[in-house]
Structure formats: structure tokens, C-alpha cells
Amino acid sequence: MARRYVIVGNGPAGFAAAETIRRDDATGEIRIVGGEAVGFYSRPGLAYLLTGAMPEERLFSRPESTYESAHIHRTVGTVQTIEPRSHRLELADGEVLRYDRLLLAVGARAVRPAIPGIDLQGVVTLDNLADTRHILRLARRAKRACVVGGGITAIELAEGLAAHGVETHYLMRGDRYWSSVLDPHESELVEERLTEDGIRIHQGVELASVIGRKGRVSAVSTQTGALYECDLLAVAIGTQPRLELAQAAGMETGRGIWTDATFETSAEDIFAAGDAAEWLDPVTGKRGLDALWSVAIEQGRVAGENLAGGSRVYSRPAPFNVTKIGGVTTTLIGAIGTGGRDGDLVTMARGDSSAWREQLDAFAVVSDRGADHLRLVLSDDLIKGAVVMGNQALSRPLQHLIRERVDIRWVRDRLFRGPAEVHHALAALMERTVSLGAA
Ligand SMILES: Cc1cc2nc3c(=O)[nH]c(=O)nc-3n(C[C@H](O)[C@H](O)[C@H](O)COP(=O)(O)OP(=O)(O)OC[C@H]3O[C@@H](n4cnc5c(N)ncnc54)[C@H](O)[C@@H]3O)c2cc1C
């Protein structure tokens with residue numbers, strides 16, 4: 001009898017898993033249940049939709065026919081309960097589905113601070129396409145907006161609102177932007193660009209409450225009693241993996257849904273992957289949590305293979321993100337955390353990795369050429385992480401050198417001798433790696 005696979009969540013982890021299952025099991029019945037009415041789309045692309053740099057159609061990289069041609073059934077609906085013992089789940093409309101193998105690829109949702117007035121109309125978060133459409137509608141009428149939070153999403157919200165002519169105030173609780181991941185100079189580069197784009201930055205501001213008029217936000221008040229008038233408040237203080245289905249079904253959870261390195265959860269025949277999964281690294285004994293597009297795809301692929309009967313163990317690649325932060329193209333790779341505590345985020349941001357917080361016995365080398373910035377994090381023999389801002393010529397080579405753990409000892413001294421020498425040394429490393437690979 002054909003095996004029945006059910007995947008909850010139509011994001012990159014769920015979609016990649018479905019395609020992998022189909023590759024490995026030609027006859028299995030695959031059903032994806034997704035809470036959003038639309039098919040698979042790029043969530044990182046929502047930032048470009050918000051600024052108007054990209055039309056909505058371009059978010060959809062796969063035509064709707066992809067599901068049909070791979071014989072993947074798509075159901076629009078919300079899964080409300082899972083019964084692990086009877087291998088059944090129930091949707092909000094009462095439909096009951098049976099599964100042999102189940103994947104929870106339910107992602108994470110934006111967290112809201114527990115302050116008075118947070119549920120007023122005009123307070124927004126950015127999780128999905130529906131949120132983006134909603135924000136765009138509000139931005140057409142809004143005159144003044146406040147943005148609170150950190151990481152990539154806070155900046156995307158601020159830039160998106162400013163692009164629509166809304167007077168935008170970015171209220172930072174801390175004293176600099178994304179201080180847990182960026183160093184002070186990197187934060188400054190981003191803040192300068194935001195200011196150039198007309199965004200007003202206020203540091204050391206902590207919200208106390210949201211004030212409303214006729215049910216709509218009209219201002220925010222701060223812990224020091226200051227008032228900032230606004231008709232829109234955008235909140236990006238972090239994300240929380242969706243745990244409620246797993247917890248109600250009695251599965252083990254922590255910050256995310258606990259899995260082993262094959263993405264199997266504590267419940268029989270149930271797997272989890274993507275933003276929702278907190279997996280155990282058998283090598284370090286530590287649990288990892290990521291909120292990265294490329295990681296969700298890779299985890300979905302590994303989970304898909306294992307749902308279909310495989311036993312592949314996930315090996316975390318050096319997490320990377322290539323994105324625009326305040327208009328500056330930025331690549332973040334590997335272990336780059338500064339060890340700082342970021343007052344603007346209460347949990348992990350989007351486009352973020354728990355690996356970026358790991359503290360290493362490492363040296364940072366900074367090498368700037370005009371507007372282009374490079375930070376390398378070095379151990380004795382490896383490049384452990386890198387931040388590349390502006391010119392991206394070194395982004396791919398560095399991804400390779402970090403991921404492949406290329407020994408740098410023979411050029412290490414040269415990396416401390418200024419920008420020109422850093423570039424020559426990295427080129428020499430790449431050349432040697434390529435020629436060794438070809439030999
Ligand atoms: C605005 C924004 C910008 C981002 N920028 C970047 C970036 O620059 N770089 C980067 O690497 N990453 C970025 N990310 C993060 C990246 O998109 C996520 O890491 C990735 O989408 C996670 O994939 P996932 O499949 O685990 O979950 P998601 O993509 O969140 O998909 C989960 C799906 O499950 C559905 N679902 C949840 N519960 C249920 C239920 N009970 N029943 C049915 N369906 C359910 C949800 O509706 C959703 O469609 C960004 C995300 C956002 C929102």
C-alpha cells in the first residue's frame with residue numbers, strides 16, 4: 001500500500017521535503033497542508049515587495065502546476081490537532097487526515113511585546129504575504145510610523161514604510177543596531193544609510209505602552225514618559241517557533257520542536273524541520289535553531305529523505321545569509337557573533353542563526369576599502385566567520401573557505417597586514433584550494 005505523507009506548512013522546509021519525498025518514493029501519497037491561501041513563495045522577497053522594488057508575481061518562483069506535476073496534493077487549511085497514537089490530524093474545518101509519516105514545517109511567528117495597547121489596529125508585524133499586503137494598505141494612509149525591534153526585519157519595515165513617504169522613526173532600545181551580530185562599525189554603516197534614507201533613529205528608547213484613539217494607534221509612550229505620535233507601529237522584536245501543535249500532542253519542545261539530527265521528533269513517525277525545529281547536534285551535544293531560508297530548504301531535504309525511509313544525519317553547514325541591510329548588500333557567514341546582548345531583540349531575528357552567537361577563542365580582522373567593509377573571524381588555523389558589506393566579490397570565496405574548513409596557517413600572518421594584503425592572501429588561498437581540488 002502507498003505510504004501516506006502529510007506535511008504541515010507550505011514554506012521552504014515543507015516544500016523541499018515534499019519534492020525530496022517524491023524523488024525517493026514514486027508512489028507515496030503526499031499532501032501539504034498550508035495555512036496560507038497562496039502557493040510557495042519567497043519570504044525574504046517580502047522586503048522588496050514592501051519597498052516597491054519587486055512586484056508580487058516575482059515572489060512566486062514555482063508555478064502552481066509544480067504541485068500537480070509532482071503529484072503533491074495541496075490543501076489550504078489550518079491543522080488544529082495531531083493525535084500521534086492514531087496517526088491522525090484534524091483541520092480547523094473538521095476534516096480529518098490520516099498519515100503514516102508526518103512533517104511539522106510550521107515555521108515561526110513574530111513575537112509582540114506584552115505592553116498595554118499592543119493589540120490596537122495599526123500595530124503590525126511581518127510574517128507573511130498577507131501581513132505585507134496589510135502594511136502596504138496602511139502605508140498609503142499613514143503619515144507617521146514608529147518601528148521597534150532589531151535584526152533584518154526591523155530595517156525592512158523601516159525602509160518599506162519610508163519608501164512610501166511615511167515619516168519613519170526607528171526607536172532603538174539599545175545604543176546601536178543588531179549589536180549581537182554586527183560590530184560597532186558595521187552598525188554605524190547601517191545606521192548612516194538609514195539616516196540618508198530619511199529614517200530618524202532614536203537610541204535608548206524603551207516602549208511602555210501603545211496609545212490609541214477610537215481603537216487605532218495614535219502614539220507610543222516610552223519608559224521615560226516621552227510620547228511619539230504615530231498612526232502605525234511596526235514591531236520586529238524577534239520570532240518564536242510555532243510550538244502549540246507539538247506541545248498539545250505531548251511532544252518534547254524547548255525553544256523549538258526538539259528533534260534529533262535526522263529531524264525525527266520525540267513522537268513516532270513525526271518529524272520537524274525549518275524555523276520550527278530545534279535539532280540536536282550529535283557532535284557537539286548542543287541544540288541548534290536557525291531562521292534562515294537556505295537552512296530551511298536543506299533541513300526540509302534531509303527530513304524528506306528520512307520520512308521516505310532514509311537515515312541521513314544533518315550536518316549543519318556554516319550558516320549564511322546574503323541580504324540588504326539598510327541598502328548595503330551584506331553577507332553574514334559562520335561564527336560572527338560579537339557576544340553583545342541586543343536590547344532590541346527578545347528572541348532570534350529572521351535571517352538569523354543560533355550559530356552566530358557562539359563565542360569562540362578567535363581574532364577579528366577588519367579590512368575596509370572605502371565604502372566596502374570586511375570582517376574575518378579567525379581561529380589559529382581556520383576562518384570561522386565573515387561579514388562582507390558593500391562589494392561582494394569575496395562573498396562566495398569566503399563561503400567556500402569557511403564551509404570547507406580550509407587551513408589558513410600558511411597565510412594567516414598576511415591577513416593582519418592591511419586590506420591589500422588580505423585580498424591577496426584570500427586569492428592565494430582560493431587558488432591553492434582550487435588547484436588541490438583539481439589535482
Ligand atoms: C519578512 C521576512 C524576511 C526574511 N528575510 C530573510 C533573509 O534575508 N534571509 C534568510 O535566510 N531568511 C529570511 N527570512 C526567514 C526565512 O524566510 C525563514 O527562515 C523560512 O521561511 C523558514 O521556512 P519554514 O519552511 O521553516 O517556515 P515558513 O516559511 O515560516 O513556513 C511555515 C508555513 O507553515 C504554515 N503553518 C503554520 N502552522 C500551521 C498549521 N497549524 N496548519 C497549517 N499551516 C501552518 C504557515 O502559515 C507558513 O506558511 C525572512 C522571513 C521573513 C518573514
Side-chain angles (χ1 to χ4, degrees), residues 6-18 31-51 59 74-82 89-93 95 97 102-110 124-132 135 149 151-157 159-160 234 236 238-249 256-257 263 271-279 289-301 303-304 319-325 329-333 348-353 356:
V6 176
I7 296 169
V8 189
N10 194 20
F15 193 74
R31 179 170 298 279
I32 297 191
V33 186
E36 296 178 72
V38 290
F40 177 66
Y41 66 92
S42 163
R43 255 175 241 281
L46 295 175
Y48 300 93
L49 180 61
L50 209 51
T51 56
L59 294 176
R74 188 161 85 84
T75 299
V76 177
T78 303
V79 174
Q80 212 147 44
T81 50
I82 303 169
L89 49 84
E90 188 171 339
L91 274 61
D93 65 5
E95 186 182 354
L97 298 175
L102 175 67
L103 175 67
L104 296 180
V106 289
R109 69 162 66 81
V124 297
T125 51
L126 176 57
D127 277 342
N128 51 38
L129 180 56
D131 292 339
T132 315
I135 295 168
I152 292 167
T153 316
I155 299 276
E156 290 174 345
L157 284 161
E159 294 242 291
T239 60
Q240 165 65 54
R242 292 190 176 92
L243 300 179
E244 54 278 6
L245 275 180
Q247 284 176 339
I257 303 171
F263 296 114
F271 293 68
D275 281 11
E278 191 182 4
W279 59 280
L289 194 65
D290 292 291
L292 288 164
W293 183 263
S294 56
V295 170
I297 291 177
E298 183 53 20
Q299 292 192 355
R301 286 186 183 139
F320 80 93
N321 191 5
V322 186
T323 186
K324 280 202 170 183
I325 312 183
T329 306
T330 302
T331 301
L332 308 165
I333 323 165
M348 207 154 80
R350 302 239 184 238
D352 197 350
S353 169
W356 294 348

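Atoms within a ligand are numbered from 1 in the order they appear, just like the ligands themselves.
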S.K.: Please tell me if the side chains of Leu157 and Thr153 come closer than 4.5 Å, counting only heavy atoms from C-beta onward.
M.R.: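 Result yes, sub-4.5 Å side-chain heavy-atom pair found.
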S.K.: Under a strict 4.0 Å criterion on non-hydrogen atoms, which protein residues are in contact with ligand 1?
M.R.: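 If the criterion is a heavy atom under 4.0 Å, then ligand 1 touches Val8, Gly9, Asn10, Gly11, Pro12, Ala13, Val33, Gly34, Gly35, Glu36, Arg43, Pro44, Gly77, Thr78, Val79, Ala105, Val106, Gly107, Leu126, Asp127, Glu156, Arg242, Leu245, Gly274, Asp275, Ala291, Leu292, Trp293, Ala296, Asn321, Thr323, Arg350, Gly351.
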S.K.: With no hydrogens and no angle check, is any side-chain donor or acceptor of Thr239 less than 3.5 Å from a backbone partner on Met348?
M.R.: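 Here the side-chain-to-backbone pair exists.
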S.K.: Between Arg350 (side chain) and Ala291 (backbone), is there a donor-acceptor pair under 3.5 Å?
M.R.: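 It does not hold such a pair.
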S.K.: To the closest 0.5 Å, what do you measure between OG1 (Thr75) and CG (Leu91)?
M.R.: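 Reported to 0.5 Å precision, the distance equals 7.0 Å.
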S.K.: Report the relative orientation of the aromatic rings in Phe15 and Phe40; use parallel for angles under 30°, tilted for 30 to 60°, perpendicular for over 60°.
M.R.: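 Phe15 vs Phe40 ring planes: parallel.
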S.K.: Is the side chain of Glu90 donor-acceptor paired with the backbone N or O of Gln80 at a distance under 3.5 Å, no angle test?
M.R.: no
